[in-house]
Protein chains: 2
Amino acid sequence: MNDITAKPAQDRVTIKDVAKKAGVSDISVSRVMRNAPNISAKLREKVTAAADELGYTPNRLAGALKTRSSNLVAVIVPSMSNAVFPEVLDGIDSVLAENGFQAALGITHYDKERELQVVRDMLAWSPMGVILAGTDQDERVRHLLLKQAIPVVQMMDIDSDPIQVAVGMSHRDAAYEVAERMVAKGYKKFGYIGAWGERPDRSKLRRLSFEEKLSELGCPLIARLIRDENSSVQIGAQATQALLAENPDIDCIFYANDDLAVGGYFHCMSQGISVPEGLAIVGFNGIDLGQALPSKLTSVKTPRFTMGKESASILLRCHNGAEVAPIHDLGFELMLEGTA
Amino acid sequence: MNDITAKPAQDRVTIKDVAKKAGVSDISVSRVMRNAPNISAKLREKVTAAADELGYTPNRLAGALKTRSSNLVAVIVPSMSNAVFPEVLDGIDSVLAENGFQAALGITHYDKERELQVVRDMLAWSPMGVILAGTDQDERVRHLLLKQAIPVVQMMDIDSDPIQVAVGMSHRDAAYEVAERMVAKGYKKFGYIGAWGERPDRSKLRRLSFEEKLSELGCPLIARLIRDENSSVQIGAQATQALLAENPDIDCIFYANDDLAVGGYFHCMSQGISVPEGLAIVGFNGIDLGQALPSKLTSVKTPRFTMGKESASILLRCHNGAEVAPIHDLGFELMLEGTA
DNA sequence: AATTTAAATGACAACGTTACCAATCTACAT
DNA sequence: ATGTAGATTGGTAACGTTGTCATTTAAATT
């Protein structure tokens, strides 16, 4: 025992170690591990036995480098605070996981500069594809993505030209429909409440479309209040109070989202304003909370989980070479409930 | 122009292309790209110019393979539907992004088998570290992670032995405190409402600790109702109705989370039950919604965003070789508001 | 049995980086 | 001038896998 220090801290167990142990070639191990065709049962058994014994874990870095493709999918969303995105993410992951893909998450915080950075970082991993939110990306992001030979899906809205494919709904149409139905119901003095400085752009589009249609119908928006803070029930209540203080004759408020709308509802409750007689309230998104209120919230139900699912499955289809339409309209549903 | 088909679909721009264009060696490009020390201004300029012109994007797969380390961090959570995890994720990402790391997301759906699979898949990417939720992992997962030479942080609760480091709060203590304070307030007939089959385990621990302390204080739990469905405001309302129907004398209900508790509150509102006189309501998590109710929700405020932040920053510290305590108690706050 | 065809395995060379070590080139002290 | 430390650059060989093509072996055909 003179040749000391035998084991120099053997790092990772590689395909070579397994091959040696199983008495086969490296490539055979590789084939067994990725379930390639034409493998004899005997080989498979030998290899898996050796692999299990050694506790071998394939190194995807090496594999991906060689195949020039990975099972990572870049998923880039603006925020995690808005309940919409977790739901969408859930939908995405449900499809990806089932097909052996992995979501790599990027959060932009509604910052264009950061979005560019995140996209760059993601592309460095040679993702199989990219899913991002909205169609209002910076020109540099569009350009960068355009150059890649991978599928790119933009989700949430379909109101602008997509880079490749857009999956979502028309926020313009949703706003039009809200305006039309509320006017038809007899409301005449409309208000609008938004937050977070109207990020993302699609919320602004929604408001503009709402205003446009209202004017068209002969009863233009009376007043609007866009708070800088992020949306929340509390902000919704505060904003409602402020808006009504300045414009007591408003009979219907369209909110940028359900959180704000619920806040408005609570405000009415605490002030003894009857809903919808004293004030009609219309939210946006159709989240669970709104349907649990003593009086159910009238809102536009958006297909969030489905949007995620569809985005991912369309991405997969693109990846598999299928021809895919550039616009996928998943629609929405105006739920006329108790508050308007 | 006879030598046709010049460009054979030149794939990715590599470091070699940049080197050729800039008239320098590959390695120099590499060094400039990762801001290595001792680079002359001239070299840097030549390289960046060439890189920009060619639109070069580094290939992290190759880099990570060579350095045997990546900037990916595996983040494994059980669910996205529960608002707790998006918030935690937000906290994690805020720290990771700032330090040049990337979150790779895995969702287990509270399935042990799936968790194992997800952990395996993640480890194949040689992540810098792993962050997961809870301390109730399957033995195989613990074993697998124990073998890795990377930092592992378990977040959410600190009531069991961590693999390496646990960051969170004691759900046992929180339950104890709720029991003590409510008994001190004079409530005597306690009920408990949970959902989702008491996943994750820490919610069960919370209930058991609550029951234990109540017994100790001489007023054992009257009744409990654990719904199978996922938590929601609606389920909370239904469960409250059911529990009260069977046990009309209950004067205080502790809910597994705020969604359920808000449901309970709505139920009371619609039934004309005064809160907290007719029924005291205690939630868990301290989410925004509860504080926006006409009467604020009494709840245990958990440090969700902070938990994410701390988890990530502790992971970073471990990665940088610092010694880190195995248990990090971030505490909680029992917010005594209007409903109890 | 001879021949063809397919199935099963192996050898070698990449994939695009970076670690490691060697070489060159400054600037400054002798 | 001459040497020398330090700054700057380059060459070579991996990292661990898989694509491509060659080879062997078994099964199928005549």
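So that the names make sense, note that chain A is the first sequence line, chain B the second, and so on, each numbered from 1. Quick note: numbers below take in every heavy atom, side chains included, and nothing from hydrogens, waters or symmetry partners.
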TODO: Taking only Lys NZ, Arg NE, NH1 and NH2, and the carboxylate oxygens of Asp or Glu, determine whether A/Glu139 and A/Lys112 approach each other closer than 4.0 Å.
DONE: no

Task: Rounded interatomic separation in angstrom, taking NZ from A/Lys20 and P from C/dG10 - done: 15 Å

Task: Separation of atom CG in B/Leu65 from atom C1' in C/dA19, rounded to whole Å - done: 13 Å

Open item on the list: So, OP1 or OP2 of C/dG16: does either fall under 4.0 Å of a side-chain N or O from A/Arg68?
Closed with: yes

Open item on the list: Looking at B/Ser30, is its backbone amide N or carbonyl O close enough to the side chain of B/Arg34 to form a donor-acceptor pair, meaning the two atoms are under 3.5 Å apart?
Closed with: yes

TODO: Using atom CD1 of B/Ile15 as one end and atom C1' of C/dA19 as the other, report the distance to the nearest whole Å.
DONE: 13 Å

TODO: May I have the distance from B/Asp26 (atom CG) to C/dT18 (atom P), rounded to whole angstrom?
DONE: 11 Å

TODO: Answer with yes or no whether the side chains of B/Ser81 and A/Asp90 bring together a donor and an acceptor at under 3.5 Å.
DONE: yes

TODO: Start with the C-alpha distance between B/Glu113 and B/Leu116, add both sets of side-chain angles, then the distance that settles side-chain contact (heavy atoms from CB on, under 4.5 Å), and finish with yes or no.
DONE: CA-CA 5 Å; B/Glu113 220 51 51; B/Leu116 179 62; 4.3 Å; yes

Task: Proximity to the side chain of B/Asn59 - top-ranked nucleotide from D/dG10, C/dT17, D/dA7 - done: C/dT17

Task: Per-nucleotide protein contact string for nucleotides 21-29 of chain C, where B marks a base within reach and S marks sugar-phosphate only (heavy atoms under 4.0 Å, - for neither) - done: ---------

Open item on the list: How many whole angstroms separate atom CG of A/Asn38 from atom P of C/dA6?
Closed with: 12 Å

- [ ] Indicate whether OP1 or OP2 belonging to D/dG19 is found under 4.0 Å from a side-chain N or O atom of A/Arg34.
- [x] yes

- [ ] Select base, sugar-phosphate, or nothing to describe what A/Pro58 touches, counting heavy atoms under 4.0 Å on all strands.
- [x] sugar-phosphate

- [ ] Kindly point out which of D/dT17, C/dA19, D/dG10 is positioned nearest to the side chain of A/Ala62?
- [x] D/dT17

Open item on the list: Any donor-acceptor pair under 3.5 Å linking the side-chain atoms of A/Ser126 with those of B/Arg12?
Closed with: yes

Task: Nucleotide D/dT18, atom P - distance to CG of A/Asn71 in whole Å - done: 12 Å

Task: Of the listed nucleotides D/dG10, D/dG16, D/dT8, the one nearest the side chain of B/Ile27 - done: D/dG10

Open item on the list: Check this one for me: any side-chain N or O of B/Thr14 less than 4.0 Å away from OP1 or OP2 of C/dG16?
Closed with: no

Open item on the list: So which atom in A/Met80 and which in B/Pro86 form the shortest heavy-atom distance, rounded to 0.1 Å?
Closed with: CG-O, 3.5 Å

- [ ] Answer whether the closest heavy-atom distance between the side chains of B/Val77 and B/Val88 falls below 4.5 Å.
- [x] no

TODO: Give one of base, sugar-phosphate or nothing for A/Leu61, where a contact means two heavy atoms less than 4.0 Å apart.
DONE: nothing

Task: Between C1' of D/dA13 and NZ of B/Lys16, the distance in whole Å - done: 12 Å

- [ ] Grab the NZ-P distance between A/Lys66 and C/dG16 for me, whole Å please.
- [x] 9 Å

Open item on the list: Please tell me if A/Ser40 has a side-chain N or O lying less than 4.0 Å from either OP1 or OP2 of C/dA8.
Closed with: no

